[in-house]
Amino acid sequence: MVTADQLYQYNNAINETFSDWHPPLMAIITSFLIKNNISFSIINLIQCALLFFGVMLLIEKVTDLISFDKKNINTIAIIISPLSPLPYRSINWSIDTWFLISLVYLIYYIIDIHQQKIVNEKTFYLKVFMLSIIGGVSMHLRYNALILFPLILFTIFYFLKRGRLFKTVRVLSLLPIIIYFIIRLL
């Protein structure tokens, strides 16, 4: 089933006429991919893969967080089974699906950074940078996602302060805002 909103977004992507009725980032990315000869079915496959891999990574992190001794294969099997709504959600090309994908990866990186002992500063900075990029992008997928700003800023600030990297806290904790406005300008 295709909704009027999805048809409107698809029309924006095909005709390269972007409006702000819905946040245009999804239509812009889809238009770019279609312009580069990537079919819509491949775009949908990429969307499905991103959601499934993100959910599986998140399940792995959550099971580690609550200290299971082995990976919970049963949970993964149930989530990817036809009885779960995830397969149906993953093929639905919509803002909500793209936002769900960004939220899954945001939560994954937050848990991953939380579990990391600051041994290698490069990987720590890379993870904070990825969290900032995903946070900045996710706020362009839904207008009501702007409520994530304080949460993401506080999380990054907390991780950087905890890691005794206080000199870089001020700059890096503002990175999601900077990324948000760079995307906004583009």
*Nearest heavy-atom pair of Gln47 and Ile101: which atoms, and what distance?*
O-CD1, 3.5 Å
*Can you name the nearest heavy-atom pair linking Gly135 to Ser138, along with the distance?*
O-OG, 3.0 Å
*How many angstroms lie between NZ in Lys61 and OH in Tyr109, if you round to the nearest 0.5 Å?*
10.0 Å
*Would a hydrophobic clustering, with Ile, Leu, Val, Met, Phe, Trp and Tyr connected at side-chain separations under 4.5 Å, put Leu51 with Ile38?*
yes
*asked:* Quick one, Thr30 with Ile34, criterion side chain to side chain contact (heavy atoms under 4.5 Å, CB included). Give me CA distance, side-chain angles, the key distance, then yes/no.
replied: CA-CA 6 Å; Thr30 302; Ile34 289 172; 3.8 Å; yes
*Calculate, to the nearest 0.5 Å, the distance between atoms CZ and CD1 belonging to Phe129 and Ile134 respectively.*
10.5 Å
*Which heavy-atom pair separates Ala13 from Ala27 by the least distance, and what is that distance?*
CB-O, 3.5 Å
*Can you name the closest pair of heavy atoms from Ile95 and Leu141 and give their distance?*
CG2-O, 2.5 Å
*Roughly how far, to the nearest 0.5 Å, is OH of Tyr108 from CG of Leu58?*
9.5 Å
_Check: Ser31 side chain, Ile28 main-chain N or O, donor-acceptor pair, under 3.5 Å_ = no
*Run the numbers on Tyr105 and Phe53 for side chain to side chain contact (heavy atoms under 4.5 Å, CB included), then give the verdict.*
CA-CA 10 Å; Tyr105 284 98; Phe53 289 130; 4.0 Å; yes
*Can you tell me how far CD1 of Ile107 sits from CG of Leu57, rounded to the nearest 0.5 angstrom?*
13.0 Å
_Do Ile42 and Ile46 have side chains that approach each other closer than 4.5 Å (heavy atoms only, starting at C-beta)?_
yes
*Which atoms form the tightest heavy-atom contact between Asn12 and Thr17, and what is the distance?*
OD1-O, 2.7 Å
_Considering all heavy atoms, the nearest Ile110-Leu131 contact_ = CG1-CD1, 3.8 Å
*Please identify each residue that fulfils side chain to side chain donor-acceptor pair (under 3.5 Å) with Asn37, with sequence neighbours left out.*
none
_Once ring-ring contact (aromatic ring centres under 6.0 Å, His included) is applied, do any residues pair with Phe40, and if so which ones, sequence neighbours excluded?_
Tyr10, Trp93
*Does the side chain of Trp98 come within less than 4.5 Å of Leu50's, by heavy atoms?*
no
